[in-house]
Amino acid sequence: MEGYDHKTIEEKWRAEWEKNHNNIAKDLSDKKKTYLLVEFPYPSGEGLHVGHVRGYTALDVVARKHRRQNESVLFPIGWDAFGLPTENYALKTGRDPREVTKENTDVFRGQMKRLGLSFNWNHEVNTTDPAYYKWTQWIFLQLHKHKLAYKAKTTINWCPKDKIGLANEEVVDGCCERCGTLVEKREREQWMLAITKYAKRLYDDLDTVNYIERAKVGQRNWIGPSEGAVITFEIRSANREVEAPIEVFTTRPDTLFGATYLVISPEHPLITKLESRIVNHAEVQKYVEEAKKKPEIERTAEGKEKTGVLLEGIRAINPGNKEEIPVFIADYVLASYGTGAIMAVPAHDERDFEFAKKYELSIKQVIAPETGVRRENEEERNGGVGIVFDPARQRYAVGRQKNGLARLFSGGVDDGESIQEGTLREVAEESGLFDFKHVEYIGKTYAHYHNSLRNVNRLAWASAFLVILDSSDVKEVRHESHEDFELEWITGKDLWNNLVEHNIEGSTDHWLWFLRQGIGRAIDLGYDTESDKAFFAQSPYTGEGILTDSGEFSGMKSEEAKKKITEFVGGEMKTTYKLRDWVFSRQRYWGEPIPLINCEKCGWVAVPEKDLPVTLPIVEKYQPTDTGDSPLANISEWVNTTCPTCGGSAKRETDVMPNWAGSSWYYLRYCDPTNKETLADFEKMKYWLPVDWYNGGMEHTTLHLLYSRFWHKFLYDIKVVPTPEPYARRTSHGLILAEGGEKMSKSKGNVVNPDDIIKQFGADTLRVYEMFMGPFDQAIAWSTDGLVGVRRFLERILRMSERLHDIPLPQELETLLNQSIKKVGDDIESLRMNTAVSQLMIFANALQKEEKIPKEAFLTFILLLAPLAPFLSEEIWQGLGGAMSVHKEAWPKHDPSKLVGEEVTIGVQINGKIRGSISCPAGTPEATVLALARAEANVEKWLNGKDIVKIIYIQDKILNVVARDA
RNA sequence: GCCGGGGUGGCGGAAUGGUAUACGCGCACGACUCAAAAUCGUGUCUCGCAAGGGAUGAGGGUUCGAGUCCCUCCCCCGGCACCA
């Protein structure tokens with residue numbers, strides 16, 4: 001053997017496969033279909049990245065396996081070729097972006113073929129092909145027709161460097177996602193897509209798809225629904241005239257009675273509307289101007305001190321208690337969320353609290369943390385122990401014990417407050433669990449409990465923790481349900497005795513220990529309004545609970561009160577979403593022209609379907625104009641046209657679509673890439689859709705997925721596509737980092753080029769290495785040493801192929817063979833490629849150890865290796881006389897009865913510790929195994945002089961003998 | 001702060017609640033060789049002469065048995081964030 005000449009092998013089979021059309025996806029076959037999708041690349045000038053290779057190879061392995069399971073597999077690829085880098089490159093070099101794109105896609109295609117990726121090349125699509133973007137434009141026109149595309153004057157995010165408007169989603173930390181330039185605000189007419197109309201469905205239908213959790217959570221957060229109420233406040237001017245209603249959105253209508261002022265955003269229309277009524281209008285106007293100037297990044301910066309201006313001359317009426325409250329404008333309220341106005345409840349909201357403190361506004365507490373109602377009587381109160389700690393509010397009280405039951409009490413009845421307070425001080429200081437400033441208050445609380453608990457039916461506060469002395473004391477926790485309250489009792493064994501013994505009054509050690517261990521149970525506390533007012537002067541309580549000071553709603557639980565109060569004030573329960581409509585216009589050249597015409601008489605008119613596509617004209621200059629218009633605006637012969645409706649003179653829209661457009665529906669076009677009548681034949685889509693498995697980068701799991709789900713749902717509604725969701729399953733691969741763990745980047749010069757690896761080590765080595773390097777969904781650093789290890793493995797396989805013998809399979813190998821078939825198959829389906837490769841190595845190692853390698857077993861090994869290392873496997877397979885391509889051979893099936901060997905090794909544990917192991921035939925009954933185990937000297941030694949209490953036997957795996965001293 | 005994902009040898013990492021450290025890398029030793037490379041073989045968590053003991057970020061808990069489940073906490077990575 002002349003060694004492993006990967007270059008010759010790979011070139012030979014690539015040519016052979018191309019000639020024989022190894023993989024054609026057959027439409028409408030009666031076989032089971034599988035549609036495997038990988039994110040199509042943006043064909044940049046740099047060529048394919050090793051990160052692409054990771055995702056593409058993984059699904060290629062899946063595709064190859066499924067084809068061999070006699071399924072009809074669609075595994076297409078294409079080019080997401082519109083976009084800024086190509087345009088910028090064209091701009092710099094003066095070349096036509098079409099040419100540049102063609103060159104780049106040729107490079108990518110060549111690389112993919114060299115990698116042995118078995119794409120269905122006859123389904124290739126290119127978003128910049130007029131025959132493709134005709135349908136992108138068509139979809140846009142459908143959206144327009146259904147009023148989901150609208151033009152709106154918006155403050156847009158403007159990147160001064162790229163001279164392009166950005167969607168909110170493309171602004172990262174206030175900077176342009178691509179170039180990092182600080183984004184400015186500009187007013188501009190933009191085409192918008194009403195994705196918010198689909199917010200609920202996009203959210204709810206996530207339950208119907210199988211996406212990795214991260215992707216689902218990402219989408220949920222992005223859509224960001226919050227249940228709340230829209231409540232109307234009346235505005236009155238100084239002369240008490242009713243001026244205008246103002247709507248606020250709140251998720252906490254239950255706190256309405258605690259709303260002590262109103263805040264509107266600086267952009268709120270009310271400011272202009274009530275201009276004449278606002279006494280300090282000049283001051284207000286100044287604040288508004290300043291807010292406008294500030295970039296969003298500054299306005300929303302973390303920890304920024306809140307500012308605002310009181311609107312003098314007008315007041316709002318709290319519809320709950322009819323109290324008159326002041327109205328402010330403040331930039332911490334965003335115009336873009338909810339109604340752009342809020343009712344401020346400083347007692348129960350961090351931001352409102354901060355604002356109220358600064359401007360000395362009244363803080364009215366209307367929610368008490370929910371607990372039960374407690375009854376207490378004098379007879380029950382004796383004994384003395386424990387400390388109650390409320391970690392949420394960092395409050396202590398003292399507990400007492402009686403008849404083995406520890407329960408809340410007033411404490412210190414006999415020894416007086418001084419001792420207890422002193423102790424509490426120590427606890428507080430030493431625990432380090434809370435700010436010492438609360439201790440004063442604790443002292444009062446304690447005193448207060450002393451009194452209040454004599455009274456019955458106190459409304460209780462706080463989920464507090466009762467801490468008792470020693471965990472060994474806890475015998476059980478008993479839950480009692482009463483008509484109007486619930487209690488948890490902790491019963492202790494010798495609690496009382498322990499306390500006396502430990503002289504607990506003077507010792508804080510145990511208490512501290514318990515606090516730190518977090519041992520304790522929620523019980524209830526009494527409270528009094530004065531102390532609580534004092535407490536809440538220090539921090540707002542933002543949780544839910546029981547209403548107080550809320551008129552007829554006092555005593556009601558938050559959940560119920562939300563609905564009742566909203567109803568009471570004539571408000572409306574409503575869900576709002578963080579999701580914003582999608583800014584769809586780009587003032588660029590290299591994108592799909594928006595197929596609309598603006599006619600002075602008829603307004604915006606759609607280009608008739610027969611005139612699609614509106615093709616991009618070839619221009620001299622790709623430079624965006626300084627006015628912010630697209631380069632297309634300079635081509636008057638293209639811009640000036642006639643109105644399709646009235647025939648009069650009209651102008652074309654010169655904005656183009658963002659590059660999300662083409663990628664939002666490409667998986668549909670793959671089903672039928674050459675169709676001239678429609679975006680794809682309905683029957684073909686019905687056969688292939690939904691995509692069974694979509695893999696791509698983590699970075700696309702939010703936006704791209706959301707946008708394409710939106711388009712798909714819209715197309716489903718207008719009956720163009722047959723399924724409500726595009727993708728049944730979504731996985732994502734982790735990033736490949738440079739050796740050393742840094743991100744690969746051109747500037748750092750640490751980029752690994754797949755071409756170099758293929759040249760030096762071969763595509764098979766690269767493929768197997770990338771599958772083996774680590775868990776598929778995790779980021780992982782490149783390791784050339786690891787790559788070399790894989791190369792050695794493949795070389796070894798090739799050498800082994802020359803030492804084969806037609807001999808029967810030894811029994812242990814048969815077991816391993818069946819295990820390997822099962823494990824490799826299962827692992828591929830769940831993308832555990834690293835352990836699939838590892839299993840293949842284990843199998844190969846075992847085969848190699850044989851003096852004569854059984855040919856049958858080795859051939860099965862090759863059948864399993866083939867999806868991962870397609871070239872070498874084919875070489876060996878056909879070299880050994882395979883009649884056809886290994887990639888057409890049926891995927892091996894395992895024999896379930898042969899997964900366990902005849903002999904098994906069973907671990908023997910004594911009291912859970914491994915003390916030995918025995919070998920016996922599989923399926924040996926417990927009694928025999930026990931006898932065998934006891935025959936082991938070591939095992940018997942450990943059992944010597946002990947009584948066997950219990951035997952646990954897990955078939956063929958483990959025997960655990962529980963023994964106790966005799 | 002919130003939401004996700006993690007923390008296991010010198011390194012990448014394995015492990016349906018059932019013999020932790022598979023597989024690979026690295027390292028050491030041996031065989032082959034004049035020699036080296038390659039290859040093949042053996043060993044490689046830790047303390048201990050041994051018998052044994054200890055170790056999966058820390059500390060508790062549940063269990064016959066915990067890397068895996070529960071609680072408290074620490075650290076790292078990613079995302080989001082004045083969202084009312």
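Letters go in sequence order (proteins before strands), and every chain restarts at 1.
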Under the side chain to side chain donor-acceptor pair (under 3.5 Å) rule, collect the residues that match up with [X], sequence neighbours excluded.
X	value
A/Thr250	none
A/Ser830	A/Arg832
A/Lys364	none
A/Glu940	A/Arg934

Taken to the nearest 0.5 Å, the spacing of A/Arg803 CZ from A/Glu850 CD works out to 9.5 Å

Applying ring-ring contact (aromatic ring centres under 6.0 Å, His included) to A/Tyr769 and A/Trp782, what does each step give before you reach the verdict? CA-CA 10 Å; A/Tyr769 169 63; A/Trp782 181 265; 5.0 Å; yes

Which residue pairs pass the side-chain hydrogen bond (donor to acceptor under 3.5 Å, both in side chains) test with at least one member in residues 948-958 of chain A, sequence neighbours excluded? none

Any side-chain hydrogen bond (donor to acceptor under 3.5 Å, both in side chains) pairs touching residues 834-843 of chain A, not counting sequence neighbours? A/Ser820-A/Gln839, A/Asp827-A/Thr835

Taking only the [atom1] atom of each, what is the distance from [N] to [M] in whole angstrom?
N	M	atom1	value
B/G53	B/G4	P	41 Å
B/G41	B/C23	P	13 Å
B/A31	B/A14	C1'	31 Å
B/A20	B/A81	C1'	41 Å
B/C34	B/C47	P	40 Å
B/U16	B/G6	P	14 Å
B/G24	B/C74	P	40 Å
B/C27	B/C71	P	44 Å

Does A/Arg252 form a side chain to side chain contact (heavy atoms under 4.5 Å, CB included) with A/Ile367? I'd like the steps, not just the answer. CA-CA 11 Å; A/Arg252 295 296 302 275; A/Ile367 301 287; 4.0 Å; yes

What nucleotide, of [options], holds the atom closest to the side chain of [X]?
X	options	result
A/Ile842	B/C23, B/G26, B/G18	B/C23
A/Lys950	B/U19, B/A84, B/C64	B/C64
A/Ile958	B/A84, B/G26, B/G18	B/G18
A/Met841	B/C23, B/A84, B/C64	B/C23

Residue matched to [N] through Watson-Crick or wobble contacts both under 3.5 angstrom:
N	result
B/G1	B/C80
B/G12	B/C23
B/A28	B/U42
B/C69	B/G61
B/C49	none

Mind listing the N/O atom pairs, protein and nucleotides 2-4 of chain B, below 3.5 Å?
none

Does [X] have a side-chain nitrogen or oxygen under 4.0 Å from the phosphate oxygens OP1 or OP2 of [N]?
X	N	value
A/Arg220	B/C80	no
A/Ser336	B/C83	no
A/Asn845	B/A22	no

Within a radius of less than 6.0 Å around NZ of A/Lys216, do more than 12 heavy atoms belonging to other residues, nucleotides or ligands occur? yes

Tell me, for nucleotides 7-14 of chain B in 5' to 3' order, what letter each nucleotide earns: B for a base near a protein heavy atom under 4.0 Å, S for only sugar-phosphate near one, - for neither? -----BSS

Return the set of residues passing side-chain contact (heavy atoms from CB on, under 4.5 Å) with A/Lys852 (not counting sequence neighbours), or none when no residue passes. A/His805, A/Ile807

Restricting both atoms to N or O, compile the protein contacts to nucleotides 37-43 of chain B shorter than 3.5 Å, with distance only.
| from | atom 1 | to | atom 2 | distance (Å) |
| --- | --- | --- | --- | --- |
| B/U39 | O3' | A/Arg799 | NH2 | 3.3 |
| B/C40 | OP1 | A/Gln848 | NE2 | 3.0 |

Take the angle between the ring planes of A/Tyr359 and A/Phe328 and call it parallel below 30°, perpendicular above 60°, tilted in between. tilted

5'-most contact on RNA chain B (nearest-nucleotide basis), A/Phe249 vs A/Ile954, goes to A/Ile954

cation_pi(A/Arg54, A/Phe776) dist<6.0 Å, angle<=45: yes

Distances for protein N/O vs nucleotides 48-54 of chain B N/O pairs under 3.5 angstrom?
| from | atom 1 | to | atom 2 | distance (Å) |
| --- | --- | --- | --- | --- |
| B/G52 | OP1 | A/Asn938 | OD1 | 3.0 |
| B/G52 | OP1 | A/Lys941 | NZ | 2.8 |
| B/G53 | OP1 | A/Arg915 | NH1 | 3.0 |
| B/G53 | OP1 | A/Arg915 | NH2 | 3.1 |
| B/G53 | OP2 | A/Arg915 | NH1 | 2.6 |

Would you please indicate if the ring centroids of A/Phe355 and A/Tyr261 are separated by under 6.0 Å? yes

Under the salt bridge (charged side-chain N to carboxylate O under 4.0 Å, His left out) rule, collect the residues that match up with A/Asp777, sequence neighbours excluded. A/Arg214

Whole Å only: how far is the CG atom of A/Asp331 from the P atom of B/C83? 13 Å

Syn or anti for B/G9 (syn when the glycosidic angle lies within 90° of 0): syn

